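These notes are about the structure you will find just below.
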Amino acid sequence: PILYSYFRSSCSWRVRIALALKGISYDVVPVNLLKDGGQQFSAEFKAMNPMQQVPALKIDGINLSQSLAIIHYLEDTRPNPRLLPQDPKKRAQVRMIADHIVSGIQPLQNLSVLKQMGEKKTEWAQKCIASGFQALEQTLKHTAGRYCVGDEVSMADLCLVPQVFNAERFQVDMGPYPTITRINKALLELEAFKVSHPSRQPDTPADLRA
């Protein structure tokens with residue numbers, strides 16, 4: 001497998017965690033979203049992913065984009081360890097939390113949107129993340145055990161950790177979100193979350209390395 005990734009992309013990080021958890025070896029092709037006007041806009045990468053976004057994954061003779069589609073494929077083809085619970089109610093809760101983050105928070109504060117916000121980009125990012133986290137905190141109070149849904153790592157957790165990383169980057173006050181903070185801390189103790197961290201990628205700048 002070949003993963004087209006950017007060290008600080010939260011969507012790429014989700015996929016890196018899934019690959020690490022499932023023990024899948026892969027090669028990385030870094031795509032710098034800032035350099036050369038954005039390497040994702042090159043003709044070569046557009047042929048790989050017409051949406052011109054990371055991540056993209058070459059695997060099993062196909063090209064996949066969109067982080068959750070990639071993770072679902074990995075789950076379907078390499079089901080151990082399981083990232084979606086077998087219980088239908090818990091499975092629905094995992095998907096709900098993942099979608100909450102992937103659709104309701106992250107796109108509002110990603111690079112393409114922030115470019116449009118100019119000088120107000122930090123304020124905008126803080127507002128979007130805080131609004132989403134207020135709802136997420138309430139949801140997690142009902143679903144969480146050690147992790148987002150019960151005591152097993154799931155797809156929801158793969159989405160949570162990168163989003164908290166973004167919140168900290170934009171200096172969001174995490175005080176009102178004790179459940180999110182507790183779960184994030186527990187997940188960051190796991191090896192798959194450590195090795196996939198933005199500070200430990202081949203394209204991480206030297207001053208941001210762990």
Side-chain angles (χ1 to χ4, degrees), residues 1-35 39-40 45 48-49 53-60 63-85 94 97-98 101-102 105-106 110-111 140 144-170 174 180-210:
I2 300 172
L3 179 66
Y4 294 78
S5 174
Y6 179 56
F7 80 102
R8 203 156 59 188
S9 156
S10 57
C11 304
S12 298
W13 190 2
R14 296 169 197 152
V15 173
R16 294 197 302 261
I17 299 167
L19 290 164
L21 283 168
K22 291 178 179 290
I24 302 167
S25 298
Y26 62 95
D27 295 321
V28 175
V29 175
V31 179
N32 193 309
L33 304 186
L34 303 176
K35 195 175 178 182
Q39 293 174 349
Q40 69 274 28
F45 188 71
M48 173 71 189
N49 180 11
Q53 298 171 334
V54 291
L57 184 68
K58 279 188 178 181
I59 189 168
D60 299 340
N63 296 343
L64 291 172
S65 62
Q66 299 300 327
S67 62
L68 287 196
I70 293 170
I71 295 166
H72 276 293
Y73 178 76
L74 297 177
E75 184 74 354
D76 289 340
T77 58
R78 296 149 175 89
N80 293 313
R82 188 180 295 279
L83 296 178
L84 280 169
V94 166
I97 293 164
I101 297 166
V102 170
I105 305 176
Q106 190 274 328
N110 72 6
L111 183 62
L140 291 173
R146 181 164 176 77
Y147 306 122
C148 284
V149 178
D151 296 325
E152 301 295 327
V153 174
S154 72
M155 193 179 295
D157 299 298
L158 276 57
C159 299
L160 181 81
V161 168
Q163 188 55 60
V164 174
F165 179 81
N166 281 353
E168 290 170 346
R169 263 185 67 212
F170 292 117
M174 294 299 293
I180 293 174
T181 300
R182 174 184 64 75
I183 296 168
N184 182 68
K185 183 180 178 183
L187 289 163
L188 285 174
E189 292 172 0
L190 303 177
E191 187 62 21
F193 288 79
K194 291 179 182 177
V195 298
S196 58
H197 194 279
S199 65
R200 295 178 63 176
Q201 299 314 300
D203 57 327
T204 305
D207 59 327
L208 296 176
R209 286 196 167 275

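Note that the structure is a prediction, hence the values are computed from the model and not measured.
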The complete set of salt bridge (Lys or Arg N to Asp or Glu O under 4.0 Å) pairs with one or both residues in residues 145-159, sequence neighbours excluded, reads Arg146-Glu189
Taken in chain and number order and not counting sequence neighbours, the residues that satisfy side-chain hydrogen bond (donor to acceptor under 3.5 Å, both in side chains) with Gln163 are Gln109
Residues at least two apart in sequence or cross-chain that pass ring-ring contact (aromatic ring centres under 6.0 Å, His included) with Tyr4, listed by chain then number, are Phe45
Check your understanding: Would a 4.5 Å heavy-atom cut-off, applied to side chains only, mark Leu74 and Ile59 as touching?
Key -> yes
Scanning both residues in full, the closest heavy-atom pair of Val102 with Cys159 reads CG2-SG, 3.6 Å
Closest heavy-atom pair, Leu140 versus Cys148, reported as atoms and distance to 0.1 Å, is CD2-O, 3.7 Å
I'd like to know if the side chain of Ser196 and the backbone of Trp13 have a donor-acceptor N/O pair within less than 3.5 Å. no
Original post:
Does the side chain of Leu3 reach to within under 4.5 Å of the side chain of Pro55, using non-hydrogen atoms?
Top reply: yes
With sequence neighbours left out, the residues meeting side-chain contact (heavy atoms from CB on, under 4.5 Å) with Pro30 are Val28, Asp203
Enumerate, atom names and distances included, each donor-acceptor pair closer than 3.5 Å involving a side-chain atom of residues 180-188, sequence neighbours excluded.
from   : atom 1 : to     : atom 2 : distance (Å)
Thr181 : OG1    : Tyr177 : O      : 2.9
Arg182 : NH1    : Gly145 : O      : 3.1
Arg182 : NH2    : Gly145 : O      : 3.1

Residue set satisfying side-chain contact (heavy atoms from CB on, under 4.5 Å) with Asn32, at least two apart, ordered chain then number -> Tyr6, Leu34, Lys35, Gln39
side-chain contact (heavy atoms from CB on, under 4.5 Å) filter on Ala210, not counting sequence neighbours, yields Ser199, Arg200
Taken in chain and number order and not counting sequence neighbours, the residues that satisfy side-chain hydrogen bond (donor to acceptor under 3.5 Å, both in side chains) with Glu75 are Lys22
**Message:** Go through it in stages, so that I can follow the logic: the residues are Cys11 and Gln106, the test is side-chain contact (heavy atoms from CB on, under 4.5 Å), and I'd like the CA-CA distance, side-chain angles, deciding distance and then a yes or no.
**Reply:** CA-CA 9 Å; Cys11 304; Gln106 190 274 328; 3.7 Å; yes
Sequence neighbours excluded, the answer for ring-ring contact (aromatic ring centres under 6.0 Å, His included) partners of Tyr147 is none
Taken in chain and number order and not counting sequence neighbours, the residues that satisfy side-chain hydrogen bond (donor to acceptor under 3.5 Å, both in side chains) with His72 are none
Tightest non-hydrogen contact, residues Ala18 and Leu158, listed as CB-CD2, 3.6 Å
Sorted by chain and number, sequence neighbours left out, side-chain contact (heavy atoms from CB on, under 4.5 Å) with Arg169 holds for Arg8, Phe165, Asn166
Applying side-chain hydrogen bond (donor to acceptor under 3.5 Å, both in side chains) to Asp76 and not counting sequence neighbours gives none
